[in-house]
There are 2 protein chains.
Amino acid sequence: MKIDDISTYAAKLGFFSPASEIHGSMAGLYDYGYLGTLLKRNVEEMWRKYFLTLRPNSWELETSLLMPQKVFVASGHLENFNDPLAQCSKCGLKLKADQINESPNANHPIKCPRCGNLIDSVRPMNLMFEVKMGTTGSESAYLRPETAQGAYVSFHRQFKTLHERLPLSLGIIGKAFRNEISPRQGLLRLRELTQAELQIFFDPQEIDSEALLFPPEYKVAVKRPTENESFEVDAAYLSKELPKLYVNSMLSVYMFFTERLHIPGERVRLRELGSQEKAFYNKLHWDIEVNLESAGGYTECGGIHYRTDHDLQGHQNVAGKDLQILRNGRKFLPHVIELSLGVDRCVWSLLETNLLDEPQRKLLKISPALSPVKVAIFPLVSKDELIDIALRIYRDLSNTFVSVYDESGSIGRRYRRQDEIGTPYAVTVDHDTISDNSVTIRVRDDMTQTRLGIGQVKSWLSDHLDDRPHTEAVTTIR
Amino acid sequence: MKIDDISTYAAKLGFFSPASEIHGSMAGLYDYGYLGTLLKRNVEEMWRKYFLTLRPNSWELETSLLMPQKVFVASGHLENFNDPLAQCSKCGLKLKADQINESPNANHPIKCPRCGNLIDSVRPMNLMFEVKMGTTGSESAYLRPETAQGAYVSFHRQFKTLHERLPLSLGIIGKAFRNEISPRQGLLRLRELTQAELQIFFDPQEIDSEALLFPPEYKVAVKRPTENESFEVDAAYLSKELPKLYVNSMLSVYMFFTERLHIPGERVRLRELGSQEKAFYNKLHWDIEVNLESAGGYTECGGIHYRTDHDLQGHQNVAGKDLQILRNGRKFLPHVIELSLGVDRCVWSLLETNLLDEPQRKLLKISPALSPVKVAIFPLVSKDELIDIALRIYRDLSNTFVSVYDESGSIGRRYRRQDEIGTPYAVTVDHDTISDNSVTIRVRDDMTQTRLGIGQVKSWLSDHLDDRPHTEAVTTIR
């Protein structure tokens, strides 16, 4: 699918659209509409349930979006979180340097794509947004460029509160902000984005002590810098080379994409970043990528980052406080493996990979656990008797499931309307309902219909909407 | 309770603490710890379930936090969202003018509370945070000072997407930002806060057409500007004077505080604001207030604002677009009643009103539906046999409820630890469990204990944690 196809569909149906568009919106800012908000929250809730139950002592935090300058001195973002900004001295065009040239360097001069002039000025531009606080504006705060720093600066307090146990996993789902030089491609490059990030703090001596959480033959697709193509490997292969805690992290992210988000396995891969590509704070760095036509190929949707004690070290130095912990007679800074996820990119990927053009209908064949609306309730025709029953069912179901009630248009049109937004089930009240108290449940994917007593509808839906918990496949460790 | 008591308890146990504190935090910024994050999300989830099911055609949006300047030209915030800033020319102290003097005006000169000097300079200070966007920083965006504008600027699109029906209710839960002159009092005055706001868009001719959603004898406490004391009135009294849609809004907010958050009724009141106090955009304006010792009395935790078409009018003028809708042959701008809630203030109020010092224990007697942790699982003693069973139960329960497992310290101490954070139920595995497969469930509030088969624990907890849905008391309207 093309960017415009997804954007048009998303705006028309209520998934997302440019923010503040009546005032001529600013690039890189989007609003989620009524369906997008539900879908995005379902992704977040799924992340929470999956990653915060994988290991005991896993908790969520909600830390501030505005953080003082010192935080980013310590993390290195103030110095290093830059993109190369190229400006054409002839026509004035500004661009991210690496968008113009595949490998911009002194030997490959950059040409302006608008006027063809040679661009000689490329300077680093910091991507953080600064905010002046207080009555004089003398205090500098920054909108966080990643959620992670919130977990690092409060690690010491949380660790104490949570009885000083390791590993300790701290998750944050929330906004991050980046002054992207050229935001574009719908939700794929935003100035205001949502991340879901898990920071696993652990004793570096124990990075290889954890049991493998997956069977040794568990298969994943990988791309390595030394190979030209992706290939399939198993958990055993990865754990020969990489520490167990890191392998478990990689595999859980892969499983989340393929078996929870249900993004087709042939579109998902783990990509190892070469030493030149890795973020400045990472010792090990693999991305999780989804193959998206709209983005021209495999696209980063998250990453598994072994940040070592880079961040805690930085905070310790800048704050001038001893952040080491005492454990088994040793004093040390815990190390961190970060599981980072771009929530907006997941939403985009879900639409792109699930939106089907069937001959008779447009179908969003998304996993029912993620569907924004779970059930639609229709009276077959607009007669008071049928409407009353349908509304009664709607009221009852809407206490438990996100439900819509619709009485307008032909029944076929109403089914298609729900197919297009991914509603997995529809309940229809017809003339027989009056005498036998039963309704029709129609299934989105195969359009089959089942007759059911009204009293059984709720438990039927509960059974069918309940996605298999990951713990069936993965052993929870103590 | 005093501010410091709540703040100390909250920081020690993991509810909230000053943000970025290792770097010397900035005033008005807080982090939620592992318990506070759960509690806050429970409040938000409760708001969602209550206010978005009260009326059909109610949906949630997630709109951007950064919005272009034009939005706030249109809303009036750029001109009017100011606090009077007083500065002492002698000692330099800066203060919100109305904090120094009950009614600051020309006849009551302001005295500096630090040096006693007379303050003659009071100037308006805009409370919005500006952010420079783009590569040159020439574009001004603002961090939204309220969630509401997101719903207003996207109303037109959502209305179309949702088949042009009124009333249409659009809810937003999210951050808002205010450069408060003197942030203080824990979570009560923040620079970064969370609001939950519902915008009900309706045909102004129908403001009195809705049926009363509450019985006429439904009682609430009110404070009116013409009276010195609060007094009790009923729904019938209010609906004689105020339009039904507004009365329903007031009562639903009151019910949410008293019967969902379970803040004691004697501490809650609806306060009518006098014509001088009302926000500049409101035609009718009542606040919901909770009596808090920490704040020195009744404190605004939300409001019911009849904003008329003030905002849509402003956006229409500034955008130069016709935002009127066509309905029943008439073209008009919908009117708006806004139900606004300060989520952080609710969290604060919940701690202050539920934290009890009993002789043997500190007890957070919060409604189980809001408790951060729902159940704790303990082996009576640290023996492998009991630990294995307890961990198995923990794993099973933690898929459904937020659970903790604890094996350290005496059983009494473990119970008290959970009492202090408000965990309503604890499951203890003892020696009898090995032979009879049963466990003890201990209830927080009365410390009674019940014996139950392991297989029944989950459904017992589900029954006891399921709070009565509001629809039993309130008629849902079509």
Side-chain angles (χ1 to χ4, degrees), chain A residues 12-14 17 19-20 22-23 25-26 29-34 37 40 53 56 59-68 70-71 85 94 125 129 131 133 135 139 141 143 150 153-154 156-158 161-163 175 179 181 191-192 315 318-319 321 391 395 398-399 405 408 469 471 476 478, chain B residues 12-14 17 19-20 22-23 25-26 29-34 37 40 53 56 59-68 70-71 85 94 125 129 131 133 135 139 141 143 150 153-154 156-158 161-163 175 179 181 191-192 315 318-319 321 391 395 398-399 405 408 469 471 476 478:
Chain A
K12 184 184 140 218
L13 291 174
S17 50
S20 310
I22 59 167
H23 292 296
S25 37
M26 298 176 102
L29 301 178
Y30 273 80
D31 286 344
Y32 283 93
Y34 84 109
T37 300
K40 177 168 182 273
T53 60
W59 300 97
E60 190 177 344
L61 303 180
E62 187 182 314
T63 62
S64 66
L65 308 188
L66 288 168
M67 302 180 86
K70 271 181 150 184
V71 171
L85 173 68
K94 282 185 174 137
M125 181 182 124
F129 289 113
V131 173
M133 283 181 83
T135 51
E139 297 172 81
L143 285 166
V153 296
S154 70
H156 217 64
R157 176 175 284 286
Q158 308 305 326
T161 305
L162 284 157
H163 314 299
K175 297 271 181 157
N179 192 8
I181 293 174
R191 285 183 167 153
E192 177 181 326
H315 290 298
V318 171
K321 287 183 183 121
L391 276 174
R395 276 176 212 131
S398 64
N399 271 325
Y405 169 81
S408 64
T471 40
T476 305
R478 185 174 164 185
Chain B
K12 185 184 138 217
L13 291 174
S17 50
S20 309
I22 59 168
H23 292 297
S25 37
M26 299 176 101
L29 301 178
Y30 273 79
D31 285 346
Y32 283 93
Y34 83 109
T37 300
K40 177 168 182 275
T53 60
W59 299 98
E60 190 177 343
L61 304 179
E62 187 182 313
T63 62
S64 67
L65 308 187
L66 288 168
M67 302 178 86
K70 270 181 152 185
V71 170
L85 172 68
K94 281 183 175 143
M125 181 182 124
F129 289 113
V131 173
M133 283 182 83
T135 51
E139 297 173 80
L143 285 166
V153 295
S154 69
H156 216 63
R157 177 174 283 286
Q158 307 306 327
T161 304
L162 284 156
H163 313 301
K175 296 271 181 156
N179 193 8
I181 293 174
R191 283 181 168 155
E192 177 181 325
H315 290 298
V318 170
K321 289 185 182 117
L391 276 174
R395 276 176 212 130
S398 63
N399 271 326
Y405 169 83
S408 65
T471 40
T476 306
R478 185 174 164 184

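Below, chains carry the letters A, B, ... as their sequence lines are ordered, and counting in each starts from 1.
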Which one of [options] has the most heavy-atom pairs closer than 4.5 Å to chain B?
{"options": "A:Ser17, A:Gly14, A:Ala19, A:Pro68", "result": "A:Pro68"}
{"options": "A:Leu29, A:Val318, A:Leu85", "result": "A:Leu29"}
{"options": "A:Met26, A:Met67, A:Lys12", "result": "A:Met26"}

Minimum heavy-atom separation for [X] to [Y], with atom names?
{"X": "B:Met133", "Y": "B:Ala141", "result": "SD-CB, 3.7 Å"}
{"X": "A:Ser64", "Y": "A:Leu66", "result": "OG-O, 2.9 Å"}
{"X": "B:Leu61", "Y": "B:Ser154", "result": "CD1-OG, 3.6 Å"}

For the residue pair [X] and [Y], establish whether any side-chain heavy-atom pair is separated by less than 4.5 Å.
{"X": "A:Asp31", "Y": "B:Arg157", "result": "no"}
{"X": "A:Val153", "Y": "A:Thr63", "result": "no"}
{"X": "B:Val71", "Y": "B:His315", "result": "yes"}

Taking side chain as everything from C-beta outward and backbone as N, CA, C, O, which of these in [X] sits under 4.5 Å from a heavy atom of chain A? Side chain, backbone, both or neither.
{"X": "B:Tyr30", "answer": "backbone"}
{"X": "B:Ile22", "answer": "both"}
{"X": "B:Lys70", "answer": "both"}
{"X": "B:Ser20", "answer": "both"}
{"X": "B:Glu139", "answer": "both"}
{"X": "B:Met125", "answer": "side chain"}
{"X": "B:His156", "answer": "neither"}
{"X": "B:Leu65", "answer": "both"}

Quick one: of B:Thr135, B:Val131, B:Leu13, who has the most non-hydrogen atom pairs under 4.5 Å with chain A? B:Thr135
Flag yes if more than 12 heavy atoms outside A:Lys321 fall under 6.0 Å of its NZ atom; otherwise flag no. yes
Side-chain (B:Thr37) to main-chain (B:Tyr34) donor-acceptor, under 3.5 angstrom: no
Closer than 4.0 angstrom, basic N to acidic O: yes or no for B:Lys175 and A:Glu62? yes
Under 4.5 Å from a heavy atom of chain B, the part of A:Gln158 involved: side chain
